[in-house]
Novice: 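My questions will all concern the structure given below.
Counting begins at 1 with the first residue of the sequence. Fair warning: this is a prediction, and the values are worked out from it, not measured in the lab.
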Amino acid sequence: MNNEDHMSVPIKVVVVYHSGYGHTVKIAEAVAKGAATVEGAIVSLIEAEEAPTRWDILDEADAIIMGAPTYMGSLSAPFKAFMDATSHQQYVQKRWANKVAAGFTNGASRGGDKQNSLVQLMTFAAQHQMHWVNLGLNYGNNRSFTNEDILNRDKLYVGYGGAGEHGPEWRSGSSSLGHPHGRVPWQACC
């Protein structure tokens, strides 16, 4: 059976996110667009604050891609509230076990300890017994060659990390956005 045969069955992908100032929603939309490029993928966007009224969509998903801004080296409080709310039924009843997961974050600077937020998302997925999908990219910024438009310029392997709406990562990193999360529907189906 080839990948085309696998994708004849629709794959439900949910992008759940929190956006404090409007930057992370742009990343969420780009990630959803990247996931939707895979034939058979049905993609939904859900704001973290709305998740408690939309558990059914999340519970029925094959894959959940999570994203939130990094504030002070950690995920935003509203997204953390979403994570905590899953402990009542999703975690206890293992509703998300064996789903595919991936993640992204955004911060004001190229650094900003975004790796901590990505690890927090990965740990959350592991607690739910989900399967984490990383970027699948080598680091793009090295001493022998580099430019501002290279994929994975800031060397984050476990997920995408953006740097504000007006920063260089928004301009150049946007080419990385759809790339990793087009992988998620394939992982969910095959």
Side-chain angles (χ1 to χ4, degrees), residues 13-35 43 45-49 51 63-86 96 99-128 130-143 145-184 187:
V13 178
V14 175
V15 179
V16 60
Y17 68 94
H18 169 252
S19 187
Y21 298 100
H23 304 133
T24 309
V25 67
K26 292 178 183 179
I27 296 173
E29 290 167 347
V31 166
K33 184 178 178 182
V43 183
L45 280 164
I46 297 177
E47 291 184 43
E49 297 89 341
I64 300 173
I65 304 172
M66 302 167 278
T70 296
Y71 298 148
M72 305 305 293
S74 185
L75 293 170
S76 64
F79 196 84
K80 183 65 170 89
F82 154 75
M83 292 168 63
D84 292 346
T86 67
W96 296 357
K99 293 183 186 299
V100 171
F104 60 92
T105 189
N106 184 53
S109 68
R110 285 174 85 165
D113 297 317
K114 289 181 284 229
Q115 181 78 8
N116 291 340
S117 293
L118 293 170
V119 169
Q120 190 176 7
L121 290 171
M122 190 170 52
T123 302
F124 172 72
Q127 289 173 333
H128 279 279
M130 300 171 83
H131 304 285
W132 187 262
V133 177
N134 63 30
L135 285 178
L137 293 171
N138 287 324
Y139 62 89
N141 189 3
N142 64 44
R143 294 175 194 252
F145 71 92
T146 192
N147 63 53
E148 291 297 310
D149 296 320
I150 199 158
L151 288 174
N152 200 21
R153 184 192 66 204
D154 292 333
K155 305 177 286 273
L156 296 168
Y157 295 99
V158 296
Y160 177 79
E165 177 181 21
H166 304 293
E169 181 65 18
W170 188 257
R171 181 185 71 247
S172 65
S174 60
S175 60
S176 299
L177 287 173
H179 171 80
H181 300 301
R183 297 178 72 212
V184 171
Q187 296 295 322

Novice: I need the F124 CZ to F82 CZ distance, nearest 0.5 Å.
Specialist: 5.0 Å
Novice: Report the residues that fulfil side-chain contact (heavy atoms from CB on, under 4.5 Å) with A125, sequence neighbours left out, ordered by chain and then residue number.
Specialist: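 Testing A125 for side-chain contact (heavy atoms from CB on, under 4.5 Å), a comparison that skips the adjacent residues, returns M66, A101, M130, W132.
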Novice: Could I get the full list of side chain to side chain donor-acceptor pair (under 3.5 Å) partners for T86, not counting sequence neighbours?
Specialist: H128
Novice: Closest approach of T70 and S117, non-hydrogen atoms and distance?
Specialist: OG1-OG, 2.8 Å
Novice: Enter the distance from T123:OG1 to N116:CG here, rounded to the nearest 0.5 Å.
Specialist: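 T123 atom OG1 to N116 atom CG measures 10.5 Å (nearest 0.5 Å).
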Novice: Which heavy-atom pair separates V16 from A48 by the least distance, and what is that distance?
Specialist: CG2-CA, 4.0 Å
Novice: Nearest 0.5 Å, what's the CG-NZ distance between N106 and K114?
Specialist: 7.0 Å
Novice: Measure across V133 and A102 and return the closest heavy-atom pair with its distance rounded to 0.1 Å.
Specialist: O-CB, 3.7 Å
Novice: Taking salt bridge (Lys or Arg N to Asp or Glu O under 4.0 Å) as the cut-off, I'd like each qualifying pair that reaches into residues 69-84, sequence neighbours left out, listed once.
Specialist: K80-D84
Novice: Report yes if the side chains of P69 and H23 come closer than 4.5 Å at any heavy-atom pair, otherwise no.
Specialist: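 No, side chains not in contact.
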Novice: What's the spacing between I27 CD1 and S19 OG if we round to 0.5 Å?
Specialist: 8.0 Å
Novice: Could you tell me which residues satisfy side-chain contact (heavy atoms from CB on, under 4.5 Å) with E47, sequence neighbours excluded, listed by chain and number?
Specialist: Y17, E49, E50
Novice: Tell me which one of I65, V43, I46 satisfies side-chain contact (heavy atoms from CB on, under 4.5 Å) with V14.
Specialist: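 Of the listed options, the one satisfying the test is I46.
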Novice: Taking C-beta and beyond as the side chain, do M83 and L75 meet within less than 4.5 Å on heavy atoms?
Specialist: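 Yes; the side chains approach each other to less than 4.5 Å.
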